[in-house]
Number of protein chains: 2
Amino acid sequence: MTAAIREADAGEGLTERQGAVLEQALRLLVDGGEKALTTAGIARAANCSKESLYKWFGDRDGLISAMIGFQASKVRTQDVAARALDAESLRGNLVTFAKDLLEVLAGDVSLALNRLAIGQASRDGSKLGHMLQERGRRQIGRRAAALLEAGRKAGLLSFDDADEAYGALYGLVVSDWHLKMLLGEEAGEMKKGFSRKAEQAVSAFLSLYGTKR
Amino acid sequence: MTAAIREADAGEGLTERQGAVLEQALRLLVDGGEKALTTAGIARAANCSKESLYKWFGDRDGLISAMIGFQASKVRTQDVAARALDAESLRGNLVTFAKDLLEVLAGDVSLALNRLAIGQASRDGSKLGHMLQERGRRQIGRRAAALLEAGRKAGLLSFDDADEAYGALYGLVVSDWHLKMLLGEEAGEMKKGFSRKAEQAVSAFLSLYGTKR
DNA sequence: TGCGAACCGTACCGTACGGTACTGATCGGG
DNA sequence: CCCGATCAGTACCGTACGGTACGGTTCGCA
């Protein structure tokens, strides 16, 4: 048995030491943007050597990929599979989902990683973009899909294409807020309006796809 | 009278030579991303000297700002103030607007500039972000606002908050397509679905805010 | 106690970028 | 015909980054 297997891991087949290093790297990225994410800076912040960074992650891109995977592994979305779905609880679940979605998108780590992936979309063949899409959005998308499907099963929602319905829900909730935050709009001021925004969006969504009169 | 006034300009108080340089710079940015946007590269592509670049635009940031302003000045949105607005023409105008919006957002220059501004959002205090927001989105937003207001005046639409209604329209039309394209999803394949997407979004919007039974 | 692996800290190398300085050519006005 | 301004082309400088190499130290293990 290899020694590595016996060590505590951080959810991605990497040791906790490596996880701590990625944590510091994420902090650097959040605080200073991509420009601050230098190998020397990470090594200094994490009290490790550049040589170890290259041994563990290969090169800078591998390190960034590891950062995305590490962050995604921390934000496991627990879907509350609430049975006995009635109109009230469906609305409540949808509002909760909408708020969670806005909170996640407005999180500084999420914003920083999205900025990083978008900035490199031109040069790396959108490798990071696909990774973010797959490991971040896919998760929350599945949660929404399950919720919508449950609503349809309970006769509370009516739609043919689940993706189309989810797209409408996403658009009504997020609108152009995500882009505005990515462009640097202060996220702190906006968070206060999240609840109202989420409820409005869910109301609109239900009047589009709900069966209730 | 100054000599500069007598020269042909490119819409931003700069000479046509400078406009040609900015054109080449935009082309470099579109083709190779931010990494390809070097002063030496621009000078080579535009057959000018780096010294001229710095004389005209101050520094790299000034040049990027000029690029944004230059591009915005080219994409003037003509609002077809169609009088005699009935339900059919309102829908038609909304669909046209939705298609135009998707086309603009999917344009490679737009995507490249947005990627650039998002990538620098952390370091420059979102100066570029505000500029893009102000000179790009504000324009198309006003066109939509005028259309919505005309619809309300004609008794075809019903809403209290015009911004909220516009937000819903924007979200229904764009959903998360913009982000996916910014992250590198191939835009070519998506463009085929724009018409259908636009019509679906407008139908949903009308069933939310329309007065028609 | 001695061995070897892992690792920190740092020095180092090649490269590429932003920005400046200089030279020579072109061109319009007196 | 000459003067001054503008500009292309290039050489140059300081800096900072990605990636590598090396000496010294700790720690698990026999």
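Whole-Å rounding puts the A:Tyr54 OH to D:dC22 P distance at 17 Å. In this structure, B:Lys35 atom NZ and D:dC17 atom P are separated by 16 Å, rounded to whole Å. Between the CG atom of B:Leu37 and the C1' atom of C:dG19 there is a distance of 15 Å, rounded to whole Å. Whole-Å rounding puts the A:Arg17 CZ to D:dT26 P distance at 16 Å. Put simply, CG on A:Asn47 is 15 Å from P on D:dT26, counting in whole angstrom units. Here C:dC17 presents its P atom at 11 Å from CD1 of B:Ile42, a figure rounded to the nearest Å. Here the P atom of nucleotide D:dG9 and the NZ atom of B:Lys50 are 14 Å apart, to the nearest Å. With rounding to whole Å, A:Ile64 atom CD1 is found 10 Å from D:dG19 atom P.
Side-chain contact, A:Glu34 with A:Gln120: a donor N or O sits under 3.5 Å from an acceptor N or O.
Positionally, the nearest nucleotide of DNA chain D for A:Thr39 lies more toward the 5' end than for the other of A:Glu51 and A:Thr39. Residue-to-nucleotide proximity on DNA chain D shows that, of B:Ser49 and A:Thr38, the 5′-proximal contact is made by B:Ser49.
Regarding contacts with the backbone of C:dA6, every side-chain N or O of A:Trp56 stays at 4.0 angstrom or more from both OP1 and OP2.
The pair B:Lys191-B:Glu103 counts as a salt bridge, with a side-chain nitrogen and a carboxylate oxygen less than 4.0 angstrom apart. With respect to B:Arg142 and B:Glu149, no salt bridge is recorded, no charged nitrogen being found less than 4.0 Å from a carboxylate O.
Formation of a donor-acceptor pair under 3.5 Å by the A:Ser126 side chain with backbone atoms of A:Gly129 is not found in this model.
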